[in-house]
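In this text, all values refer to a predicted model and were calculated from it rather than measured experimentally.
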Amino acid sequence: MPTVEELYRNYGILADATEQVSQHKDAYQVILDGVKGGTKEKRLAAQFIPKFFKHFPELADSAINAQLDLCEDEDVSIRRQAIKELPQFATGENLPRVADILTQLLQTDDSAEFNLVNNALLSIFKMDAKGTLGGLFSQILQGEDIVRERAIKFLSTKLKTLPEEVLTKEVEELILTESKKVLEDVTGEEFVLFMKILSGLKSLQTVSGRQQLVELVAEQADLEQTFNPSDPDCVDRLLQCTRQAVPLFSKNVHSTKFVTYFCEHVLPNLSSLTTPVEGLDIQLEVLKLLAEMSSFCGDMEKLETNLRKLFDKLLEYMPLPPEEAENGENAGNEEPKLQFSYVECLLYSFHQLGRKLPDFLTAKLNAEKLKDFKIRLQYFARGLQVYIRQLRLALQGKTGEALKTEENKIKVVALKITNNINVLIKDLFHIPPSYKSTVTLSWKPVQKVEIGQKRASEDTSVSPPKKSPAGPKRDARQIYNPPSGKYSSNLGNFNYEQRGAFRGSRGGRGWGARGNRSRGRLY
């Protein structure tokens with residue numbers, strides 16, 4: 001094996017040869033043999049091998065393998081030097097192989113080394129994006145789990161940093177094509193990352209692009225399959241997929257398929273839903289998703305049937321007034337609990353879908369059913385009145401830091417919820433029922449109201465219009481005891497982040513149950 005002096009001498013021969021350098025194959029071979037030496041020899045070899053690599057195509061395999069040996073050396077400084085120089089080997093047909101190698105090197109636990117690998121990958125990405133993607137996706141599809149995981153994370157974090165001249169339309173099409181292959185067998189976490197990757201592509205920012213993404217999500221959600229509410233993985237998959245779909249919906253990209261599925265399969269099983277996520281109010285989570293999607297629902301085949309299912313579920317959370325004893329006091333021991341968070345979601349969804357069938361309450365329900373609904377609305381409205389007053393009083397005069405306490409944050413959101421319900425109830429008390437008001441769901445940022453839309457009233461008076469049909473005489477009470485109310489403990493932000501990989505299988509391995517992959521060097 002060559003000494004340091006021999007390495008320098010042969011380096012000098014190659015450097016002085018200028019245009020005739022390719023004639024000194026023996027000198028380059030000596031430098032390649034430097035990888036078998038000690039620490040000093042290896043460090044020199046790590047620098048000299050890539051410098052003259054392009055002049056000896058017949059020794060390309062030997063040179064790349066020699067550099068790879070240095071990338072796996074026990075000495076971290078040698079490894080780092082060898083990795084840093086790898087992009088110099090990324091020429092022509094060698095580039096996909098170098099990309100493949102660098103992708104495998106992402107499994108390193110050394111942070112400095114990991115950063116060098118990332119920088120090297122970005123460097124060759126700018127040389128040949130399609131070739132680099134070939135190496136990355138090769139490892140994502142066939143590599144070890146740790147390599148696959150880090151390669152996906154590399155794409156999800158680094159693609160957005162690349163300039164437009166690198167991420168051309170052709171390159172984005174390749175990313176979509178390869179991603180579809182990966183999505184045939186993914187865990188829940190991987191699916192979320194791929195949706196992040198794909199939704200960030202410029203070519204998929206169009207209406208047709210968004211529609212394509214919604215179809216991808218629908219396929220992952222298995223909307224054609226039977227829904228099993230008692231299987232936490234089935235429920236979790238549906239929720240995760242729906243969370244990815246919601247930001248894609250718009251007035252041009254409809255949520256109809258998802259809303260239909262929720263109405264037909266999820267709502268009837270709402271109380272039976274199970275979840276692997278501890279502490280999650282799964283029913284409220286489902287209702288929030290349905291509410292968000294309902295705004296963008298297109299023409300629905302079984303609109304009346306699904307609207308009735310939604311209406312029936314709403315009735316479950318809109319109690320009748322309790323029976324009264326002769327002295328005017330409640331005959332029962334307890335007032336009904338009012339689930340404000342649930343009612344906001346259900347009432348909003350009903351209000352949105354009701355616009356598509358405005359005569360549902362008047363023409364599709366019999367008189368007794370409508371009368372019953374009005375009584376429930378009126379009772380709920382009275383309880384609402386009390387809570388709005390209490391909340392406004394509690395928040396009166398509080399600004400800035402005072403509103404940032406946990407207790408006051410809950411009260412602020414609770415006031416949004418009650419105001420929203422107030423506005424929607426007022427609409428439904430019109431004769432005929434109206435669907436014109438616009439409210440912003442309590443967990444969403446306030447949106448500008450479009451011209452022609454009626455802005456939601458901030459008025460805290462929730463008494464129905466005087467012309468509403470009279471309910472039973474028992475509703476005209478002299479003394480009113482408000483029902484007790486309940487808000488969800490997670491009133492505020494609605495978290496769309498992935499809540500853990502699905503553990504069920506898809507196609508034998510998917511959604512968390514991926515098969516064992518081979519170990520060891522695959523260069």
Looking at every non-hydrogen atom in both residues, tell me the closest pair between [X] and [Y] and how far apart they are.
{"X": "Met195", "Y": "Leu248", "result": "CE-CD1, 4.1 Å"}
{"X": "Ser442", "Y": "Ile417", "result": "OG-CG1, 3.3 Å"}
{"X": "Pro432", "Y": "Thr362", "result": "CB-CG2, 4.5 Å"}
{"X": "Phe191", "Y": "Gln220", "result": "CE1-CG, 3.4 Å"}
{"X": "Thr108", "Y": "Arg150", "result": "O-NH1, 2.7 Å"}
{"X": "Asn228", "Y": "Val235", "result": "O-CG2, 4.0 Å"}

Is there a donor-acceptor pair under 3.5 Å between the side chain of [X] and the backbone N or O of [Y]?
{"X": "Asn408", "Y": "Ala402", "result": "yes"}
{"X": "Ser255", "Y": "Cys297", "result": "yes"}
{"X": "Gln107", "Y": "Gln104", "result": "yes"}
{"X": "Asn420", "Y": "Thr440", "result": "yes"}

(request) Any chance you could lay out the side chain to side chain contact (heavy atoms under 4.5 Å, CB included) test for Gln212 and Lys180, step after step, and finish with the verdict? (result) CA-CA 11 Å; Gln212 218 175 334; Lys180 284 180 178 178; 3.5 Å; yes
So, do [X] and [Y] sit near enough that their side-chain heavy atoms are less than 4.5 Å apart?
{"X": "Asp281", "Y": "Lys288", "result": "no"}
{"X": "Asn118", "Y": "Phe114", "result": "yes"}
{"X": "Val423", "Y": "Thr438", "result": "no"}
{"X": "Glu316", "Y": "Gln339", "result": "no"}
{"X": "Lys369", "Y": "Leu315", "result": "yes"}
{"X": "Leu106", "Y": "Val147", "result": "no"}
{"X": "Tyr435", "Y": "Lys356", "result": "no"}
{"X": "Leu238", "Y": "Leu223", "result": "yes"}

Roughly how far, to the nearest 0.5 Å, is [atom2] of [Y] from [atom1] of [X]?
{"X": "Leu273", "Y": "Cys234", "atom1": "CG", "atom2": "SG", "value": "9.5 Å"}
{"X": "Ser434", "Y": "His351", "atom1": "OG", "atom2": "NE2", "value": "6.0 Å"}
{"X": "Ile425", "Y": "Ser437", "atom1": "CD1", "atom2": "OG", "value": "12.0 Å"}
{"X": "Ser294", "Y": "Leu289", "atom1": "OG", "atom2": "CG", "value": "11.0 Å"}
{"X": "Ile197", "Y": "Leu204", "atom1": "CD1", "atom2": "CG", "value": "12.0 Å"}
{"X": "Leu377", "Y": "Leu347", "atom1": "CG", "atom2": "CG", "value": "7.0 Å"}

(request) State plainly whether the residues Arg243 and Glu285 are in salt-bridge range, i.e. N to O under 4.0 Å. (result)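 Yes, charged N to carboxylate O under 4.0 Å.
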(request) Indicate yes or no: does Arg237 engage Asp233 in a salt bridge with an N to O separation below 4.0 Å. (result)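 Result for this pair is no, no salt bridge flagged.
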If the condition is salt bridge (Lys or Arg N to Asp or Glu O under 4.0 Å), which residues does [X] pass it with, not counting sequence neighbours?
{"X": "Lys181", "value": "Glu178"}
{"X": "Asp359", "value": "none"}
{"X": "Glu406", "value": "none"}
{"X": "Glu304", "value": "Arg308, Lys364"}

(request) Classify the angle between the aromatic ring planes of Phe340 and Phe380 as parallel (below 30°), tilted (30 to 60°) or perpendicular (above 60°). (result)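 If you compare the ring of Phe340 with that of Phe380, the planes turn out perpendicular.
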(message) Can you tell me if Lys313 has over 12 outside heavy atoms packed within less than 6.0 Å of its NZ?
(response)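 Count over threshold, so yes.
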(message) Listing request: all ring-ring contact (aromatic ring centres under 6.0 Å, His included) pairs with a residue in residues 284-313, at least two apart in sequence or in separate chains.
(response) Phe311-Phe350, Phe311-Phe360, Phe311-Phe373
(request) Mind jotting down which residue pairs meet the ring-ring contact (aromatic ring centres under 6.0 Å, His included) criterion with at least one end in residues 211-258? Sequence neighbours excluded, please. (result) Phe249-Phe258
(message) Tell me every residue that passes ring-ring contact (aromatic ring centres under 6.0 Å, His included) with Phe154, counting only those two or more places apart in sequence or in another chain.
(response)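 Expected list: none.
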(message) Could you check whether Trp443 and Glu292, counting side-chain N and O atoms only, form a donor-acceptor pair closer than 3.5 Å?
(response) yes
(message) Please tell me whether Tyr387 and Asn422 have a donor and an acceptor in their side chains that are separated by less than 3.5 angstrom.
(response) no
(message) Listing request: all side chain to side chain donor-acceptor pair (under 3.5 Å) pairs with a residue in residues 193-207, at least two apart in sequence or in separate chains.
(response)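 Listed once each, the pairs are Glu164-Lys202, Glu172-Ser203, Gln205-Arg210, Thr206-Ser208.
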Tell me every residue that passes side chain to side chain contact (heavy atoms under 4.5 Å, CB included) with [X], counting only those two or more places apart in sequence or in another chain.
{"X": "Thr274", "value": "Pro232"}
{"X": "Leu403", "value": "Leu395, Lys398, Val412"}
{"X": "Leu193", "value": "Ile152, Lys153, Ser156"}

Which atom pairs, donor and acceptor, lie under 3.5 Å between side-chain atoms of residues 259-270 and protein residues at least two apart or in another chain?
| residue | atom | partner | partner atom | Å |
| --- | --- | --- | --- | --- |
| Thr260 | OG1 | Thr256 | O | 2.7 |
| Tyr261 | OH | Gln225 | O | 3.3 |
| Asn269 | ND2 | His265 | O | 2.7 |

(message) For Leu353 and Asn306: C-alpha separation, side-chain torsions, deciding distance, then whether side chain to side chain contact (heavy atoms under 4.5 Å, CB included) applies.
(response) CA-CA 9 Å; Leu353 296 187; Asn306 288 328; 5.7 Å; no
(message) Show, in sequence, the C-alpha distance, side-chain angles and deciding distance for Leu239 and Thr275, and conclude whether the side chain to side chain contact (heavy atoms under 4.5 Å, CB included) test is met.
(response) CA-CA 10 Å; Leu239 290 194; Thr275 174; 5.8 Å; no
(request) Mind running side chain to side chain contact (heavy atoms under 4.5 Å, CB included) on Thr161 and Phe125 for me, showing each step along the way? (result) CA-CA 11 Å; Thr161 68; Phe125 221 116; over 6 Å; no
